[in-house]
Amino acid sequence: MSSPAFELKDYRQPVVTSLGVILGFLVGFLGQWVTEEDFALRSLSDSVVLLGCCMGALLLFSALFRMLQPAVAPEAALAHYQVTLKLYMAGLGAAFGGILLSVFI
């Protein structure tokens, strides 16, 4: 019995939806924070949050770009998805890790 082929289309919609939600909250948080009248990076904690969120957003946008690529060869779909998943998880880790790390600084 052979295993079924990996179909990227089966994973595209849920990943794009979750990326949209996470990026929406992340960009909304950054947009509100940096547009405050008295915004300034006053401490190392502020810098860690900003760096983590920016790195996370870049990684998540990279994952979104990869998921929205229209043509991925069927034989490369699984490898493509695995790299995209690593970018996705690294983006989450950077964004939320920066926020959590700043609590302890």
Side-chain angles (χ1 to χ4, degrees):
M1 186 174 197
S2 66
S3 63
F6 180 83
E7 299 266 347
L8 189 58
K9 68 176 178 59
D10 296 337
Y11 296 87
R12 185 169 279 136
Q13 188 271 330
V15 172
V16 169
T17 300
S18 66
L19 279 165
V21 170
I22 293 166
L23 280 168
F25 282 114
L26 186 58
V27 171
F29 166 74
L30 284 174
Q32 187 170 4
W33 183 40
V34 301
T35 57
E36 291 178 357
E37 285 186 26
D38 62 342
F39 171 77
L41 297 177
R42 293 185 181 88
S43 66
L44 177 61
S45 178
D46 290 345
S47 298
V48 168
V49 170
L50 183 62
L51 180 64
C53 287
C54 288
M55 284 177 44
L58 286 174
L59 289 166
L60 290 170
F61 276 119
S62 297
L64 180 61
F65 175 79
R66 288 179 60 85
M67 282 309 288
L68 291 175
Q69 285 180 331
V72 176
E75 61 275 0
L78 181 58
H80 182 84
Y81 178 75
Q82 289 172 333
V83 170
T84 304
L85 181 61
K86 288 175 186 173
L87 284 170
Y88 181 89
M89 295 308 294
L92 285 177
F96 295 110
I99 293 170
L100 286 173
L101 181 62
S102 73
V103 171
F104 299 104
I105 294 178

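Along the sequence shown, residues carry numbers from 1.
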Quick check: are there more than 12 heavy atoms from other residues, nucleotides or ligands sitting under 6.0 Å from [atom1] of [X]?
| X | atom1 | answer |
| --- | --- | --- |
| F29 | CZ | yes |
| E36 | CD | yes |
| F25 | CZ | no |

Working to the nearest 0.5 Å, report the span between [atom1] of [X] and [atom2] of [Y].
| X | Y | atom1 | atom2 | value |
| --- | --- | --- | --- | --- |
| I99 | L50 | CD1 | CG | 10.5 Å |
| F65 | T84 | CZ | OG1 | 10.5 Å |
| L60 | M89 | CG | CE | 10.0 Å |
| L78 | L85 | CG | CG | 10.5 Å |

query: Ignoring hydrogens and geometry, is there a side-chain-to-backbone donor-acceptor pair from H80 to A73 under 3.5 Å?
result: no
message: Quick check against the 3.5 Å criterion: does R12 have a side-chain atom that pairs as donor or acceptor with the backbone of P70?
response: no
Same cluster (ILVMFWY, side-chain, under 4.5 Å), [X] and [Y]:
| X | Y | answer |
| --- | --- | --- |
| L51 | L23 | no |
| I22 | V16 | yes |
| L44 | L101 | yes |
| L68 | L8 | yes |
| M55 | L64 | no |

Heavy atoms only: give me the nearest [X]-[Y] pair and the separation to one decimal.
| X | Y | result |
| --- | --- | --- |
| G91 | L59 | CA-CB, 3.6 Å |
| V49 | G98 | CG2-O, 4.0 Å |
| A63 | L19 | C-CD1, 4.0 Å |
| S62 | L87 | CB-CD1, 4.1 Å |
| D38 | R42 | O-NH2, 2.6 Å |
| S102 | V48 | N-CG1, 4.3 Å |

Going by heavy atoms in the side chains, are [X] and [Y] under 4.5 Å from each other?
| X | Y | result |
| --- | --- | --- |
| S43 | D46 | yes |
| R66 | Y81 | no |
| F39 | T35 | no |

- prompt: Side chains of Y88 and S18: is there a donor and an acceptor less than 3.5 Å apart?
  reply: yes
